[in-house]
Amino acid sequence: MSGDIKYEYKSVQAVRGMENRSITKAQEEGGWELVDQAQGMLRTTLNFRRARPETSWSKTWKAFRGLAPAKQRALAVAVAVMLPIAAVGIGLAAAQDKGNTNATQSTESAIEPATVNKTPVPLPTPTSPEKTDQVITVENNNDFAAILVSTDYCAPSMEEFATKYKGQKVQFDGSITNMQNHENYRTRYGILIGPRGRRAKDDRGPRVQVREREHVRPQISRQ
């Protein structure tokens with residue numbers, strides 16, 4: 001009956017716009033059923049449930065409840081009679097096993113132990129994990145998704161992100177908001193890049209500055 005079904009629950013957080021992918025994955029891989037969802041500014045909380053698999057004990061109890069009252073009483077009496085007998089049998093088996101253990105220990109004490117090679121075996125040298133080459137996007141990095149919607153482009157979170165992911169590549173939809181000549185050069189520039197399109201009215205997110213350095217030319221991917 002549906003009233004006897006027991007459920008287990010779990011919650012998953014997905015980046016906004018990626019909810020359908022997370023729902024499909026949970027349904028196909030675990031048989032989870034979506035109950036409800038709550039949208040936040042950056043992520044959506046998805047709540048799932050699925051029927052809890054029955055154990056052998058739950059099946060036995062369910063079968064017992066399905067018996068007539070007279071049969072339930074008779075089965076309860078039989079179990080009450082069998083429990084003391086089983087307890088006595090377990091006690092005898094434990095005592096016999098203890099006696100066998102003592103006899104084995106006495107026999108082993110009379111045998112001279114064999115020589116053991118105590119030469120230490122060298123352990124493998126642990127290797128340090130390689131730095132990931134994955135390009136950071138809003139889909140695979142929550143820190144990056146958060147700063148792209150920050151209303152303060154001078155917030156401490158900007159510097160924290162730059163320090164934490166120094167040297168790694170990032171990819172986002174953006175546009176050049178300012179470009180000026182570098183010193184007295186005509187073909188070398190200092191460039192300021194902002195998130196989203198040039199004509200977008202949304203002013204959130206960081207300002208990425210590409211500085212001209214000696215013997216280094218900045219490269220901007222155009223899509």
Side-chain angles (χ1 to χ4, degrees), residues 1-59 61-62 127-179 191-210 218-223:
M1 296 186 297
S2 59
D4 295 334
I5 299 177
K6 304 296 183 182
Y7 292 97
E8 55 182 345
Y9 300 85
K10 78 168 183 175
S11 297
V12 176
Q13 288 194 340
V15 177
R16 291 193 60 176
M18 307 294 291
E19 293 91 348
N20 290 336
R21 180 185 300 178
S22 300
I23 294 172
T24 301
K25 182 178 180 181
Q27 291 174 342
E28 293 179 351
E29 295 183 0
W32 292 94
E33 173 190 359
L34 180 65
V35 178
D36 56 41
Q37 53 182 311
Q39 289 187 344
M41 185 175 68
L42 300 177
R43 291 178 290 275
T44 300
T45 302
L46 307 173
N47 298 314
F48 297 92
R49 74 174 184 180
R50 68 178 178 185
R52 182 179 300 170
E54 290 187 334
T55 63
S56 57
W57 168 250
S58 63
K59 292 179 181 179
W61 176 248
K62 190 174 181 180
T127 57
S128 58
E130 296 182 359
K131 186 177 180 180
T132 178
D133 292 331
Q134 183 182 31
V135 177
I136 296 175
T137 65
V138 295
E139 286 80 12
N140 61 25
N141 190 290
N142 290 336
D143 295 338
F144 191 46
I147 66 171
L148 284 185
V149 295
S150 175
T151 56
D152 182 6
Y153 60 83
C154 294
S157 57
M158 305 293 178
E159 183 178 358
E160 293 172 1
F161 177 85
T163 302
K164 182 177 180 180
Y165 299 98
K166 182 178 180 180
Q168 293 186 238
K169 297 179 180 180
V170 297
Q171 178 179 333
F172 62 96
D173 294 333
S175 60
I176 296 176
T177 59
N178 195 354
M179 184 172 67
I191 301 174
L192 192 66
I193 300 176
R196 287 167 285 277
R198 182 176 57 183
R199 299 180 181 179
K201 297 181 179 181
D202 192 342
D203 196 37
R204 297 176 298 170
R207 301 297 181 267
V208 182
Q209 186 175 14
V210 182
Q219 297 181 355
I220 302 176
S221 300
R222 297 180 178 177
Q223 298 182 352

Arg21 atom CZ, over 12 foreign heavy atoms within 6.0 Å:
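Counting other residues, nucleotides and ligands, CZ of Arg21 stays at 12 neighbours or fewer.
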Determine whether more than 12 heavy atoms belonging to other residues, nucleotides or ligands lie under 6.0 Å from atom NZ of Lys10.
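Counting other residues, nucleotides and ligands, NZ of Lys10 exceeds 12 neighbours.
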So which heavy atom on [X] is nearest to which on [Y], and how close?
X      : Y      : answer
Tyr7   : Ala51  : CD2-N, 3.8 Å
Thr45  : Ser11  : CG2-CB, 4.3 Å
Glu19  : Ala14  : CA-CB, 4.4 Å
Val15  : Glu139 : CG2-O, 4.4 Å
Val138 : Leu148 : CG1-CD1, 3.2 Å

Could you grab the distance from atom [atom1] of [X] to atom [atom2] of [Y], nearest 0.5 Å is fine?
X      : Y      : atom1 : atom2 : result
Phe48  : Glu8   : CZ    : CD    : 13.5 Å
Gln27  : Leu34  : CD    : CG    : 7.0 Å
Ser22  : Arg43  : OG    : CZ    : 12.5 Å
Met18  : Asn20  : CE    : CG    : 9.5 Å
Gln168 : Asn141 : CD    : CG    : 8.5 Å

In plain terms, say whether Glu33 and Arg49 are close enough for a salt bridge, that is, a side-chain N and a carboxylate O under 4.0 Å apart.
yes
Less than 4.5 Å apart, side chain to side chain, heavy atoms only: is that true for [X] and [Y]?
X      : Y      : result
Leu46  : Ile23  : yes
Val170 : Tyr165 : no
Trp32  : Val12  : no

Okay, side chain of Asp143, backbone of Ser157: is any donor-acceptor separation there less than 3.5 Å?
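Checking the backbone N and O of Ser157 against the side chain of Asp143, no donor-acceptor pair under 3.5 Å is found.
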Below 30° counts as parallel, above 60° as perpendicular, anything between as tilted: where do the rings of Phe161 and Phe144 land?
parallel
